[in-house]
Amino acid sequence: MSRISAVFRRLREQGCSALIPFITAGDPQPALTVALMHALRDAGADLIELGVPFSDPMADGPTIQRSSERALRQGVGLKDVLEMVRQFRRTDSATPVVLMGYLNPIEAMGVDAFAEAARSAGVDGVLAVDAPPEESATLLAALRSRAIDAIFLLAPTSRPRRIEAVARVASGYVYYVSLKGVTGASHLDLEEVGRKVAEIRKRVPLPVGVGFGIRDGDTARAVAAVADAVVIGSRLVEEIEQAPIAEAVQRAGDFLRGIRRAMDQ
Amino acid sequence: MKYDLPDSHGHFGPYGGVFVAETLMAALEELCEQYQAVRADPHFLAEFSHDLKHYVGRPTPIYYAQRWSEQLGGARIFLKREDLNHTGAHKINNTVGQALLARRMGKRRVIAETGAGQHGVASATVAARFGMECVVYMGSEDMQRQAPNVFRMELLGAKVVPVESGSKTLKDALNEAMRDWVTNVADTFYIIGTAAGPHPYPMMVRDFQSVIGFEARQQMPEIAGRQPDAVIACVGGGSNAMGIFYPYIDIPEVRLIGVEAAGLGLATGRHAASLCAGRPGVLHGNRTYLLQDDNGQIIDTHSISAGLDYPGVGPEHAWLKDSGRAEYVAITDGEALEAFHDLCRMEGIIPALESAHALAQAAKMAATLDRDQILLVNLSGRGDKDVNTVARLSGNP
């Protein structure tokens, strides 16, 4: 069983939801990413989504865009991100790591070369934001043959036919984007999220994570009540952005610990 | 075999497609269905033709640039006068088409991205005509370079939003417009200005622009006695080139030549020639040739002409290049400027700096060809918007 499936099975047995923080690799400094990952795990992260910086992050709001720009200014590329995962794995062989990013850096490396490097570094899942199931055949084959999960997005606008298309190819978990819009947007309609998650569960036999719009303990707790996982990205990246560099790791951990506490109440 | 690309998934060979986040898929599917429906609807096509004639001022003439041709001393150069369209460029053909579609889909708000401002102006124009709210995203860098067009858009009632992310140019404006669309997808129509982006945009923009080539195919035998030996057009994203190339694809004797911006020279790295110097990748919803570094990051481009200053290119051009049906070359800032001045002085026509790239290529070729050869250049826009840039480069304040 993959590390991702194992985590969700354990949590289901315990009756709780997963907490999934997102950070951009290389932000605020490449040297801090591995420490941030450990701090997040210690603060209660069940799985870590690591953003691969891209020059044109079309689906991201201003906060994640800025984090991507900070990382790129320091020269962080996909190879560096994979190296960070490899380092993280030296002392943590249990916490799943999912790479989240855009297709072009993966294709520039070569889809097969990337999948092989990701497997060897200890990556558990890949979410290529701009690669919907219809355009993912090559990537899917490369990931599958290395037992790496292919994570896909679902949106409020996803019709049943599309949910089924994602169900056919996704593994690990699916990521429901709870808002129309880009990462970091506000206004979460919890009732609507609950309805949609229920609709997805009818068609997708995988855990459902919910992200976009989760900004504090209250929303995290409310989402945890209806979803298998709570993804928190922009708000966490904001915390890292606003902290002095020397305190970024500590502040990120403290913030996530607060979310975890609220979810476990 | 008759050319019939793209396939039903928007693929031109390995290029094109739909590479967007799930959040946009429903909107693109809706657009695809609606566009497929109107594409063959005689009522819609009649509405479109009516507006092209009475609002845009079509058909545009083809003009024989005799003095310039004779001075060059070779082939005869004919110009397809898209500069004579309402708003001064070919861009309006497409915005009229998309606005009619937006109206049919019941969308009250349109958004657009713009680089030089021509597509922004054309979008603001049709939004005013159809009583729609219009928001135009423009890189803050481009807003400074093209201040008069910003004012024109505002006069037309549009809101121009400066984009401060990335390189603050066209590609970032496109990212921002996509983000707006994802957020406001229920009531908003995104008018993409070039033959790029996710399916169905490359096909739809080409279709709306193909009026240029269909007119030319009819006009050339009348004015020149036959079809041209070569059709030449500048290529940024490539909408004016696709518009004039498309109706000629099935006439193999006619060479199709796309002209990219070589900026300061391909060897300097300061250019915008994705087809000549880039490699395939995925950006802005489609697979195509891109200017990118070894890590797959999109790199900053340079051209004297803001309309060609884009690191990608429409996917159909990528396919036409690989299949060998079209040829792609690049012209430097300096060569384009020289052609700009020549056309002003020899023919009394101030061309857009974008179009001047195609003119420069025609001048290069004409000199090596016999007088019985015919070149048709798409003069995609007029150069009023560029006079300040040219004045600055000529040392005038």
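Below, chain A is the first sequence line, B the second, and so on; all start at residue 1.
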What part of B:Leu283 lies closer than 4.5 angstrom to a heavy atom of chain A: side chain, backbone, both or neither?
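Contact with chain A involves the side chain of B:Leu283 alone.
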
Is chain A contacted by the side chain of B:Ile299, its backbone, both, or neither, given a heavy-atom distance below 4.5 Å?
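No part of it gets close to chain A.
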
In terms of heavy-atom pairs under 4.5 Å with chain A, which of B:His11, B:Glu176, B:Arg279 leads?
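Of B:His11, B:Glu176, B:Arg279, B:His11 has the most heavy-atom pairs under 4.5 Å with chain A.
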
Passes side-chain contact (heavy atoms from CB on, under 4.5 Å), A:Val177 versus B:Glu22? Steps please.
CA-CA 9 Å; A:Val177 170; B:Glu22 180 61 29; over 6 Å; no

Where does A:Arg73 contact chain B at under 4.5 Å (heavy atoms): side chain, backbone, both or neither?
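When you check distances to chain B, no heavy atom of A:Arg73 falls under 4.5 Å.
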
By a 4.5 Å heavy-atom criterion (distance strictly below it), what part of A:Leu72 contacts chain B: side chain, backbone, both, or neither?
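The side chain, not the backbone.
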
Enclosure of [X] [atom1] (heavy-atom neighbours >12, cutoff 6.0 Å):
X: B:Arg108; atom1: CZ; value: no
X: B:Gln144; atom1: CD; value: no
X: A:Glu191; atom1: CD; value: no

Distance from [X] atom [atom1] to [Y] atom [atom2], nearest 0.5 Å?
X: B:Met178; Y: A:Asp130; atom1: CE; atom2: CG; result: 10.5 Å
X: A:Leu78; Y: B:Asp294; atom1: CG; atom2: CG; result: 12.5 Å
X: A:Tyr102; Y: B:Ile298; atom1: OH; atom2: CD1; result: 12.5 Å

Closest contact, heavy atoms only, [X] versus [Y]:
X: B:Ala21; Y: A:Leu153; result: CB-CD1, 4.4 Å
X: B:Arg179; Y: A:Met58; result: CG-O, 3.1 Å
X: A:Arg159; Y: B:Ala26; result: NH2-O, 3.7 Å

Any sub-3.5 Å donor-acceptor pair from [X]'s side-chain atoms to [Y]'s backbone N or O?
X: A:Glu135; Y: B:Val18; answer: yes
X: A:Asn104; Y: B:Gly296; answer: yes
X: B:Gln297; Y: A:Ser55; answer: yes

Run the side-chain contact (heavy atoms from CB on, under 4.5 Å) check on A:Glu107 and B:Gln292 step by step: do they pass?
CA-CA 11 Å; A:Glu107 292 209 343; B:Gln292 53 180 317; over 6 Å; no

Decide yes or no on side-chain contact (heavy atoms from CB on, under 4.5 Å) for B:Leu24 and A:Thr157, but give the supporting numbers first.
CA-CA 8 Å; B:Leu24 269 181; A:Thr157 48; over 6 Å; no

Any Lys/Arg nitrogen of A:Arg162 or B:Glu29 sitting under 4.0 Å from an Asp/Glu carboxylate oxygen of the other?
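Judged by the 4.0 Å cut-off on N to carboxylate O distance, A:Arg162 and B:Glu29 do form a salt bridge.
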
